[in-house]
Amino acid sequence: MLGEKGKALLIAPSSLTGQWATEVDKFFGQRRLPYTLAEKGRHGRKPIHAVQDFKQSRARLLIISYDLAGQSLIRAILPMRHSASFPYT
């Protein structure tokens, strides 16, 4: 269970990210578990903008596909103090 200020990252195949969002809505709803869905071309925005918005929003879950969760997105998600312990940055 997420803490009051905790945020979580859910990385899934691109074919399943929409389904994960549907499942979160079904079981929790946006009020109990606000989330951001980062998709390629969603609303004409780049995925990196969704990640940056997630960091500053009240959303507690970021749903993103493997292909979008590349090195630049991971760096945008993780604070610099964690980069030394994360082998892919």
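Here the structure is a predicted model, which means the values were calculated and not measured. Quick note: numbers below take in every heavy atom, side chains included, and nothing from hydrogens, waters or symmetry partners. Each residue takes its place number in the sequence, starting with 1.
- Residues A21 and L37 share a closest heavy-atom pair of CB-CD2, 4.1 Å.
- One finds the OG atom of S14 at 11.0 Å from the CD1 atom of I64 (value rounded to the nearest 0.5 Å).
- Scanning all heavy atoms of the two residues, the minimum distance from V24 to I63 falls at CG2-CD1, 4.3 Å.
- The closest donor-acceptor contact from the side chain of Q30 to the backbone of D25 lies at 3.5 Å or more, if one exists at all.
- For T36, there are no side chain to side chain donor-acceptor pair (under 3.5 Å) partners two or more places apart in sequence or in a different chain.
- Distance alone, capped at 3.5 Å, places no donor-acceptor pair between the K7 side chain and the R58 backbone.
- Considering CG of L61 and CH2 of W20, their distance stands at 9.0 Å, rounded to 0.5 Å.
- Of the possible polar contacts, none joining the T17 side chain to the P13 backbone as a donor-acceptor pair under 3.5 Å is found.
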